[in-house]
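Worksheet: the structure to be examined is printed underneath.
Throughout, a chain's letter reflects where its sequence line sits, starting with A, and its residues are numbered from 1. All values reported here derive from a predicted model rather than from experimental measurement.
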Amino acid sequence: MTIKTFEMKRFPYKAIIGLFLITVPFSSCDSDLDVDPRHVQNEEDFLNNPENAVQLVNGVYNKMLNYNMYSFSWIGMTSITSDDADKGSTPSDTGTDKHKMDNLTFDASDISFADVWDGRYEGIYRANNAIFYLDQLDIDESLKNRLLGEVKFLRAFWYFDLVRCFGGVPVVVEKIDLNDVEAINNIVFTKKTKEEVYAQIELDLQDAVAALPLKSQYGPNDLGRATKGAAQALLAKVYLYQQKWTDAYNMSGEVIASGEYDLMDNYADVWREIGENQEESVFEVQATLTKGLIGYTDVQGPRGTPDLGWGFNTPSENLVNSYEEGDLRRDATVMFVPGVLWDGFIAPSTWNNPRYNYKAYQSSIAESWNGNKGETAKNLRLLKYSDVMLIRAEAAFQAGMAGEAEDLINELRVRAGLNEKTGITLQDIYNERRWEMAMEHDRWFDLVRTGQAQAAMAAAGKTFIPGTHEVFPIPQAQIIASGGRLIQNNGY
Amino acid sequence: MKKTLLTISFSLVTLSTFAQVPPTPLDSLMNDSIFFDEQLTEVVLIGYGTKKAGAITGSVAQIKAADIVRTPAQSAIQAIQGKAAGVNIVTNDEPGKQPTIRIRGLGTITGGRDPLYVIDGIETSGLNGINPSDIATIDILKDASSLAIYGQKGSNGVVLITTKKGKRGEIKINYDGYYGQKFIQRKVDMADAYRFAYYNNSAIGDPSYFAMSGQPYNTNWLDVITDTGDVMSNTVSLSGAGENASYYFSASNYKENGILNGSGYERTNVLSKTEFRMLDDRFKVTPFVNLSVGKTIVKPLSAFTNAYKQSPIMPVRYPNGRWGQPFVNDEGFNDMSGIKYNNVANPAAQLFYHNEQNKDVVLIGSINTELKIIDVLKFNSNFGATASWGKGYTYTPSRELWMVANPTLEREQYLEQNANSPINTLQQRRTTSYRYNWDNYFTYNQTFDENHNVTVVAGLSRTTFKMDERLNATRWNVPEQSNYWSLNFSSYDTPTAPSSIIENVVETPIVSVAYFGRVEYDYAGKYLFSGSLRREGISVFADGKRHDIFPSVSAGWVVTSEDFMNDVTFVNSLKIRGGYGEVGNGATGQSINAIQFANDTPYPLGPGQIIYPGSNIPFAIDPNLTWETMKEIDLGVDFTVMDRRLSGTIDYYRRTTADVILPVAIPPVLSPQDVPLNTGTVTNNGVEVSLKWQDNIGENINYWVGGNFSHNKNELKEVGHYLFGEYTGGSLGNGQITKQVLEGEALGSFYVFDVTGYDSDGAFTYSEDRVVAGSYIPTITYGINIGATYKNFDFSVDAYGVGGNKLYNGKKAQRFGGENIENDVLDGFWTPSTPNAPNPRPSNNIPVASTYFIEDGDYLRINNITLGYTLPELFDGLDKVRVYVTAVNPFLFTKFTGYSPEVVGSDNGNPLGTAGIELDAYPTNKTFLFGLNVGF
């Protein structure tokens, strides 16, 4: 074998070889594999910027706008189930499982339960992450405390939704490593008792009460953040659900005594745009055009021509008939079709249902509107001053202070255009709560908590099974994901 | 002229050591001017090199130009359906779309399911607009011993595409053109107005909700939204070679109007490949460039589902010109002042108002240089890159759409009822994308003592991809005429939230760096050996988890080269081979495996509800995430017997993919979005057989009969990760899911309730638990190719079939209420007097995902029938004139009752998406065309 050499004069042969060999070391080395992220920020860069603390907490609030928080599934579970509302829409449109919510024939595989469960735990995931990283960010201590208080308030709110819906659920209050099998088994896949869940909620809310400023102490651009009053109001409600009457009485008293809140003159204004963040508002989901509440008004909007929505969750005849003669709250809660709406919009007979939820009505001519029905600017009221008054009234009554209860109830009755009442009974307080808070997603829980559910459902022509229907089934997918460690609720 | 060509091709068979699959007369007939320069022995591409077909020790299928262009298609991949064993191709006839290709089953679920494409040295993720007529060969590397040299890129197979090059001699000009018409291959028979009313009245329980007689309309929606499509292609190429250079240049235009009204695709290509030889051919430089300009007019595929569901009693338009809506009046007639009875759009209006267009410019190019340093040592440096630029717009006439939905309201009322709402919106989109690979390697080849032939390759490869960026912007109220559709024409200047108006994302690139080496040795063409190693690192994994080594070994024994075979005349060639290899897959669906803070969760605060930025961590990560590894043993036999009339290849393989990366849904409190985890082990075991008989009868008739068959069993062998719970998919968008990943079953298996009978109301009763109801992945695929030439005529038939797969008739199962139904559902449904009818009583309940909707997906389709005639030489200088007629997909044999048994599904055939579920699917077409091929 001979190696043939050849003429080099014609061409810069060596130069070419050299050129090739030079390219080789340039083409690759292992440090090239450390690529800086471009589409997202990495942990190190994020923690280097203290301004991210506020952004992180804003990101927790943002969860409230998602579809699986307060939209179709939540509406179905909390309202269509109750005697305040019917499924609505047209007979042929079931809304996936909303007919089953209406008839109390649901089961663990229904999508509504999965949505509501996932939504809350996704929020809790964001809250736990925020707390984990807030600790590591180098920011002013008082701001850090406030931000931690805001996050704990939100986390408590979501556990409150979970315990009301599902009873005892897993309580996760920290960031858990995916490889920590033991923690996942013991914490994520193990149900705590209802009492333990409430204990965690109280803990978070007590921290929030201590850390948060009053509504008036916030800067103007922070309007909408969780306040001390909001934390106190929620804590009072949490006490009420546990029948801790004295605690509920005292805590709601704090909100009232703070002087930060009041009733609006016109009940109908509370749920309109002009009522947003006004004196009666204690805590609400902030929504604006292009960053709005997903699906809330669309699901409940009038169905037909003109097409304003899907027409679900329509106020029931049972609710309409329950009001006393002359109660202004009836026509502020129930939109009767046909007719003329408050903004002048004609409600025509081409709409498919006789009634719609007026509180969910988003005016396209007198309120912020950009034509996107699926994401609207309506703020969702989660805690109202009137709710706090009702908590105080019920707790006072239960604690033997009927007189104080009567004063509070009458304040609400007068605003509603009704006469004052004397010799108030517990049932009167329950009724008042129903009318004041109708279609606001509390009715089902109130019926269950006060032991009226079976009778009320029977009156509405549905069968409430005691021992089962007090809580909803845990979503089937979660039970499977846990490898059977999560135990299904009784009767499902 | 033709006769000489045939002689060339047959002599070629004789000359080569042996060909894996001998060429057919068509190969020469259709590629005379370009293909056979300097390639008298059949050469097959392997990674970073070539090899004589006879010396191959792995499993490689080669498809030649004649087989590619014989089925005129926009995509060359479509054209090779049924022509290579173990290669499963699912047609997608939507204009401009690519078919799905799966080589030897499916090893994983996440991003990396597609093979790697290498076009003249350019690594790409697809064909990137290459015109099928410019392709000389497609080599498909199938087994792990062949793939290991590609490391992490090779786990789904590698498709090597070589474009044509010029042949020494005068300039050749070649023209190829065809024109054809396209039709829906089959339609589904839907209920008419009477039957619609009858069924839905029964479902609602009101015998007069819809009037049973006197309905003024009886609309066939599928006919309304579809029309005959057409396709036209013209290619002109120029090629040749001189002493120091060869050149191939081609320009082509492909244009298609889809069967869905308004949909279309057009592509113009310019390709140039030039080889310069210098220093007595020791130094070669081959610049290659292909520019492709594509335009797609997109129409929503949901129009097909809407046409299926929309009621026949609804008109396309009312007599006053307003669009029909699903409104019924008290008399039970469709009437614009009635109430709404279903939520299905008017598909004709939907198509009419959907204005979307995308234009893409894709430029792929490479410079391959080869330097022979000394006779036995050469150095190659190949740089390949793909750059693409896309622009698109969507114009949405909000006011017109509102008028469609509200047929009794007037145009003027829109703004009265929708203050501050857009009259229309215009979205403009821009994308750029870039990727490159740079491979440098040395090849040493020497023969010692005549019989010991050694080849050593060593080099490195660097790839950077996903250098992508997109910019989208939306504004309101531009003029209606399309010539004014730019954002500056917006007459609406109120500022709105920036995040929803302008979106700009720069992706994180993925880098991989690899060192590789291969040793090949053969002894006297008898004993063949090959071994390779590749060490690779990829930036997607965390430090410490990103490197791995992928080895392979293979060997072959050419039995017919042994002396003792000299007397065996029956067997012309026989080779036994076997190999083992390991290949990685680093596609996790994420660019980096690190905690990521996304900035997409803002929240409005303050009295003016200003939107403030908000961050969150969309998903948790497992820092231990690392490579999927595919390991495979392949045993094979290649043979030609009976005077080379019968040739064949048989392969048996066992493939195991370990540490499969699955996006696992874990409890939302741990991660709201799925987390990629090394989860389990998937096996694909199978057999592939290709056979071809080729002979002549007398002097004038040459014929061949070929076929291939493959059987593959896919199974999720075990689930390794603790957090792997219920991993479901196949959502129908109505709360029903149809698939689940289950240990012991194929990926993408249907998992639905079994229908056990009827209850007293005629509704189905179901099994307590879900049952496995098969997978959409076929266990059997086969192709048949038959052809003959008689004098100047050529004739061929190709067929393709699959078996053992199930399909879910998703459009039938997506009922909410008030929709139309298939005619045969009414031919037999449950009533008290027909308790054994095949269909349940009419109902508006959302159908439970059940075995009722599962159907056999087996089919056999005649892909192609072609009859061609080559004119006798007309005058000097005219080499060839061939005319042909082709029927593409003329016949289909299947039990499936939907439009098409080939259902690609969403997300490029994601097994847990709608793959195998007929929902919003584009029906397969049949095409009849006429073509002309002229060579000067």
Side chain, backbone, both or neither of A:N277 within contact of chain B (heavy atoms, under 4.5 Å): side chain

Name the option with the most non-hydrogen atom pairs under 4.5 Å to chain B; the candidates are A:V172, A:I124, A:T350. A:V172

Under 3.5 Å, is there a donor on one side chain and an acceptor on the other for A:N353 and A:R303? no

Go through the atoms of A:I176 and report whether side chain, backbone, both or neither lie under 4.5 Å from a heavy atom of chain B. both

Tell me which of these, B:L377, B:T728, B:I666, B:N418, has more heavy-atom pairs under 4.5 Å with chain A than the rest. B:N418

Checking A:Y218 against chain B: side chain, backbone, both or neither under 4.5 Å from a heavy atom? neither

Do you see a donor-acceptor pair shorter than 3.5 Å between the side chains of A:D97 and A:S112? yes

Return the option, out of A:S368, A:G95, A:P220, A:G304, with the maximum number of heavy-atom pairs under 4.5 Å with chain B. A:P220

In terms of heavy-atom pairs under 4.5 Å, which option from A:V57, A:I365, A:D45 contacts chain B the most? A:I365

Comparing B:N343, B:L677, B:N200 against chain A, the one with the most heavy-atom pairs below 4.5 Å turns out to be B:N343

Can you find a side-chain donor-acceptor pair between B:S461 and B:W438 that sits under 3.5 Å? no

Interface moiety of A:D307 toward chain B, non-hydrogen atoms closer than 4.5 Å: both

Distance-only side-chain donor-acceptor flag, B:S539 / B:R546, under 3.5 Å: no

Highest number of heavy-atom pairs under 4.5 Å with chain A among B:V505, B:D622, B:N624 belongs to B:D622

Hey, which of B:S615, B:S421, B:A620, B:G614 has the most heavy atom pairs under 4.5 Å with chain A? B:S615

In terms of side-chain heavy atoms, does B:S512 have a donor or acceptor partner in B:E536 at a distance below 3.5 Å? yes

Scan side-chain atoms only and decide if A:S73 and A:D115 contain a donor-acceptor pair under the 3.5 Å cut-off. yes

For the interface with chain B, which of A:D222, A:I184, A:I479, A:L56 has the highest count of heavy-atom pairs at distances below 4.5 Å? A:I184

Modelled atom types, side-chain donor and acceptor of B:N437 and B:T463, under 3.5 Å: no

For B:E507, is there an ion pair with B:R470 - N to carboxylate O distance below 4.0 angstrom? yes

Would you tell me whether B:K466 and B:S591 have side-chain atoms, one donor and one acceptor, within less than 3.5 Å of each other? yes

Largest heavy-atom contact set with chain A, pairs under 4.5 Å, which of B:S843, B:P623, B:P667: B:P667

Give the member of A:I346, A:I111, A:D36, A:D118 that has the highest number of heavy-atom pairs under 4.5 Å with chain B. A:D118

Sort A:E44 into side chain, backbone, both or neither according to what part of it lies under 4.5 angstrom from a heavy atom of chain B. neither

If you compare all heavy atoms of A:T90 against all heavy atoms of B:K340, which two are closest, and at what distance to 0.1 Å? CG2-O, 3.6 Å

At a 4.5 Å cut-off on heavy atoms, which part of A:R225 comes close to chain B: side chain, backbone, both, or neither? both

Atom group of A:V188 that falls short of 4.5 Å from chain B, counting heavy atoms: side chain

Polar side chain donor-acceptor pair, B:N599 to A:Q41, under 3.5 angstrom: no

Proximal component of A:L308, with respect to chain B [non-hydrogen, under 4.5 Å]: neither

Under 3.5 Å, is there a donor on one side chain and an acceptor on the other for A:N62 and A:R126? yes

Who among B:I592, B:N616, B:V669, B:I621 has the most heavy-atom pairs with chain A under 4.5 Å? B:V669

Given a strict heavy-atom distance threshold of 4.5 Å, which part of A:N129 is in contact with chain B: side chain, backbone, both, or neither? side chain

Measure A:N372 against the heavy atoms of chain B and call it side chain, backbone, both or neither at under 4.5 Å. neither

Tell me, side chain or backbone of A:K175 under 4.5 Å from chain B's heavy atoms, or both, or neither? side chain

Do you see a donor-acceptor pair shorter than 3.5 Å between the side chains of B:N380 and B:N382? no

Closest-packed option against chain B by number of heavy-atom pairs under 4.5 Å, given A:V181, A:V54, A:N66, A:N128: A:V181

Below 4.5 Å from any heavy atom of chain B, which atoms of A:F46 appear? Answer side chain, backbone, both or neither. side chain

Strictly distance-based, threshold 3.5 Å: is any side-chain N or O of A:E367 a donor or acceptor partner for the main-chain N or O of A:E273? yes

Kindly give the heavy-atom pair with the smallest separation between B:F327 and B:Y341, and that separation in Å. N-CE2, 3.4 Å

Using heavy-atom distances under 4.5 Å, tell me whether A:A287 contacts chain B through its side chain, its backbone, both, or neither. backbone

Chain B contact via A:E43 - side chain, backbone, both or neither, heavy atoms under 4.5 Å: both

